[in-house]
Amino acid sequence: MDSLYISDQRPSKPHIIVFAGAKNGVGKTSVVANVAAAMALRGKRVCVFDVDTGLSNISALLGLRPAYRLEQALSGEKTIAEVLLKTGEDVGVVSAANLMGGAPVSAEQVLRLTAALTELEAQFDYFLIDTAATHTDAVLRFIELAQSTFLVVSGDPAALTDAFALLKALNARLYSGSLRVVVNQAVDYPAATDTYRRFAAVAEKCLKLKVEYGGFVIRDENLPKAVALQMSVVDLAANSPASRCLFALADNIIKHIGSETAGSGLLEYWQTLLTAEPSGHAVADAAASEPMAVNSSVATDKTDFSVSELSRRLLSAMKNQLLDQPELERFTGEFVEAYCEQFGRFPTAFKPLFYRWLETENYAEPRLIELVATLEALHAMRYQRPMFSLEENAARLVAQLQGQREQHKDLVEQLCAAYRQAFHAEVFDAEQVLLERMQAEDFTEQHFEELLQKLREGFQARFKRPYQSRYELALTSTVEALNVMGVDQQNLQDEITMLMHGFQLLGSRREKLLIALNALQDSGLPLAASVIRDN
């Protein structure tokens with residue numbers, strides 16, 4: 001999502017944002033409560049209007065106990081300040097479920113409503129409207145007249161079906177506003193974007209209606225904890241996965257909607273809601289009256305034709321008259337639509353006609369691939385699982401690669417590389433694979449010697465020295481130690497030889513000295529000191 005951008009300039013009128021959900025249980029009210037809290041923590045002044053006539057539990061989620069409702073301010077029993085509640089994050093909450101677009105019964109109530117809404121406009125920058133999880137006329141009017149609408153969905157097929165029904169009702173009313181989809185209770189980001197893409201593709205294909213991506217909220221164990229504690233999850237665990245998603249959603253609302261110069265204003269929005277003629281009524285009335293607007297020639301014909309007779313006449317006209325092909329194609333489409341609305345399913349003959357259509361059109365390969373992709377997307381949306389399992393896809397790949405050794409090898413290498421990148425590990429245990437290979441009957445001693453030589457060469461290339469086993473290393477170390485000991489022994493022997501030679505010299509000098517002394521004594525000559533020194 002885009003990064004946070006907050007403008008210092010306050011808009012002259014607050015922004016109105018509607019949150020809708022076509023089915024109970026998708027977590028719409030939880031999203032509203034937590035987005036409001038997240039926006040308040042970003043420094044924005046936010047108020048939630050609870051117009052959900054169903055569960056109407058926005059106050060309970062935020063830990064509030066509403067004593068009064070907006071209609072009591074209109075009757076004069078209470079002031080708007082007494083009706084307005086605020087949370088710890090300074091989020092305002094106004095309960096207005098009983099109004100639900102109904103007009104006040106008197107001019108005095110209109111004046112009180114105007115004063116109350118004007119007072120609220122001065123206090124808040126954003127008003128989030130929490131509508132009922134239906135597609136009644138009142139809910140559709142809330143969406144039509146709002147500046148922005150967020151449709152909360154989940155990956156549940158029933159929820160997506162109901163959301164599509166809501167879009168269909170809006171499309172029938174010629175809705176042209178901005179609508180964003182928020183995927184709640186998503187397993188992860190890829191699952192959320194996949195749900196959005198499938199839903200948006202069906203909406204654009206079947207209704208020609210574009211829906212934008214509004215964001216997602218991941219499934220988080222902190223959400224039920226926050227509900228039990230009656231507080232927002234962004235306040236309970238600001239760094240939890242769900243909180244980060246909600247802050248991102250709040251930041252994008254502030255950036256993309258809040259950056260606009262001004263909103264429509266709460267007073268103007270509500271006055272239009274109370275006074276404007278619903279666009280859907282005109283469309284419905286026109287559709288209802290269309291069968292009566294027949295031409296005079298048919299009106300004068302009182303004969304009631306059976307379906308079989310009408311079919312016979314149409315087929316006869318197609319065979320015998322020059323008909324406008326585009327007009328006939330339009331009629332065919334409208335006929336199938338009418339059949340589906342009447343009986344809730346396509347005609348039984350649709351399947352063989354579909355096959356015939358594929359055969360006669362002679363579609364090029366890209367077009368057929370697009371059709372296959374569409375069918376797979378519809379299957380995934382309907383059953384919440386891929387059309388083909390992983391095992392089936394693998395079997396199909398292997399079958400396609402029969403006899404193509406290099407392509408098969410490249411595919412295996414790509415899969416191994418993808419596994420290594422995703423899990424930081426090897427797909428196979430190389431040691432175990434090698435040992436199993438050695439147990440094969442065709443593995444000979446020659447193969448072992450060749451493998452051993454390759455391993456030695458690989459060791460040399462990796463560690464820049466020849467490979468030696470621990471026994472070889474021990475033997476080498478022993479030889480080196482013996483060589484050192486031999487050198488030390490020789491050095492010691494040399495030292496002993498030198499000492500023996502010194503002892504011999506010392507003994508020789510001693511003998512000479514004794515001889516000299518004895519000679520002097522025998523001659524009776526006095527012993528001179530110099531002689532003693534010389535000896």
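Among Asp50, Asn34, Leu62, Leu61, the single residue meeting the side-chain contact (heavy atoms from CB on, under 4.5 Å) criterion with Thr29 is Leu61. Paired with Leu128 under the rule side-chain contact (heavy atoms from CB on, under 4.5 Å), one option of Ile16, Val31, Val32 passes, and it is Val32. For the side-chain contact (heavy atoms from CB on, under 4.5 Å) with Leu266, the lone residue among His15, Glu121, Gln271, Lys13 that qualifies is Glu121.
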> What do the steps show when you test Tyr269 against Val18 for side-chain contact (heavy atoms from CB on, under 4.5 Å), and what is the final call?
Replying inline: CA-CA 11 Å; Tyr269 172 74; Val18 169; 3.7 Å; yes
> Going through the checks in order, is the side-chain contact (heavy atoms from CB on, under 4.5 Å) test met by Thr193 and Phe216?
Replying inline: CA-CA 8 Å; Thr193 54; Phe216 79 105; over 6 Å; no
>> If you apply the rule side-chain contact (heavy atoms from CB on, under 4.5 Å), what do you find for Leu167 with Phe199, and how did you get there?
In response: CA-CA 11 Å; Leu167 291 185; Phe199 182 73; 3.4 Å; yes
>> Let's go through Ile257 and Arg180 carefully: what are the C-alpha distance in whole Å and the side-chain angles of both, what is the deciding distance for side-chain contact (heavy atoms from CB on, under 4.5 Å) to 0.1 Å, and is it a yes or a no?
In response: CA-CA 12 Å; Ile257 299 176; Arg180 299 175 175 88; 4.0 Å; yes
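For the pair Val187 and Arg219, the minimum side-chain heavy-atom distance is below 4.5 Å. Residues Arg141 and Asp137 meet the side-chain proximity criterion, which asks for heavy atoms closer than 4.5 Å. Using a 4.5 Å heavy-atom threshold, the side chains of Val26 and Asn184 count as separate. Leu249 is listed as a side-chain neighbour of Phe150, based on a closest heavy-atom distance under 4.5 Å. The side-chain heavy atoms of Leu223 and Ser240, taken from C-beta on, include no pair separated by under 4.5 Å. Contact annotation: the side chain of Met39 never approaches that of Asp125 to less than 4.5 Å [non-hydrogen atoms, C-beta and beyond]. Side-chain contact between Lys86 and Gln123: present, with at least one pair of heavy atoms (C-beta onward) separated by less than 4.5 Å. Contact check for Val94 versus Phe124: no side-chain heavy atoms found under the 4.5 Å cut-off.
Glu77 pairs by the salt bridge (charged side-chain N to carboxylate O under 4.0 Å, His left out) definition with nothing, not counting sequence neighbours.
In terms of modelled atom types and a separation under 3.5 Å, the side chain of Thr161 and the main chain of Pro157 share a donor-acceptor contact. Looking at Lys28, its side chain does come within 3.5 Å of a backbone N or O of Thr131 through a donor-acceptor pair. Between the side chain of Lys44 and the backbone N or O of Leu41 there is no donor-acceptor pair closer than 3.5 Å. Side-chain atoms of Tyr196 come within 3.5 Å of backbone atoms of Val211 as a donor-acceptor pair (strictly under, hydrogens ignored). With Glu119 contributing its side chain and Ala81 its backbone, the two residues share no donor-acceptor pair below 3.5 Å. Under a 3.5 Å cut-off, the side chain of Ser243 and the backbone N or O of Val233 do form a donor-acceptor pair.
Between the OG atom of Ser59 and the CG atom of Asp130 there is a distance of 10.0 Å, given to the nearest 0.5 Å. Note that the CD atom of Gln72 and the CD1 atom of Ile80 stand 11.0 Å from one another [nearest 0.5 Å]. Atom OG of Ser75 is separated from atom CD of Gln109 by 7.0 Å, given to the nearest 0.5 angstrom. Note: Ile143 CD1 to Leu166 CG = 4.5 Å, rounded to the nearest 0.5 Å. Between the CZ atom of Phe127 and the CD atom of Gln147 there is a distance of 12.5 Å, given to the nearest 0.5 Å. One finds the OH atom of Tyr68 at 3.5 Å from the NZ atom of Lys78 (value rounded to the nearest 0.5 Å).
What you find for Ala38 and Val234 is that their closest heavy atoms are N-CG2, 4.0 Å. In this structure, Leu267 and Thr118 approach most closely via the heavy-atom pair CD2-OG1, 3.6 Å. Across every non-hydrogen atom of Leu151 and Ala163, the tightest pair is CD2-CB, 4.1 Å.
Taking the charged nitrogens against the carboxylate oxygens, Arg244 and Asp220 have no contact shorter than 4.0 Å, which rules out a salt bridge.
The environment of Gln230 atom CD is dense: over 12 non-hydrogen atoms of other residues, nucleotides or ligands sit within 6.0 angstrom.
Aromatic ring pairs are classed by plane angle as parallel below 30°, tilted from 30° to 60° and perpendicular above 60°; the pair Trp270 and Phe142 is perpendicular.
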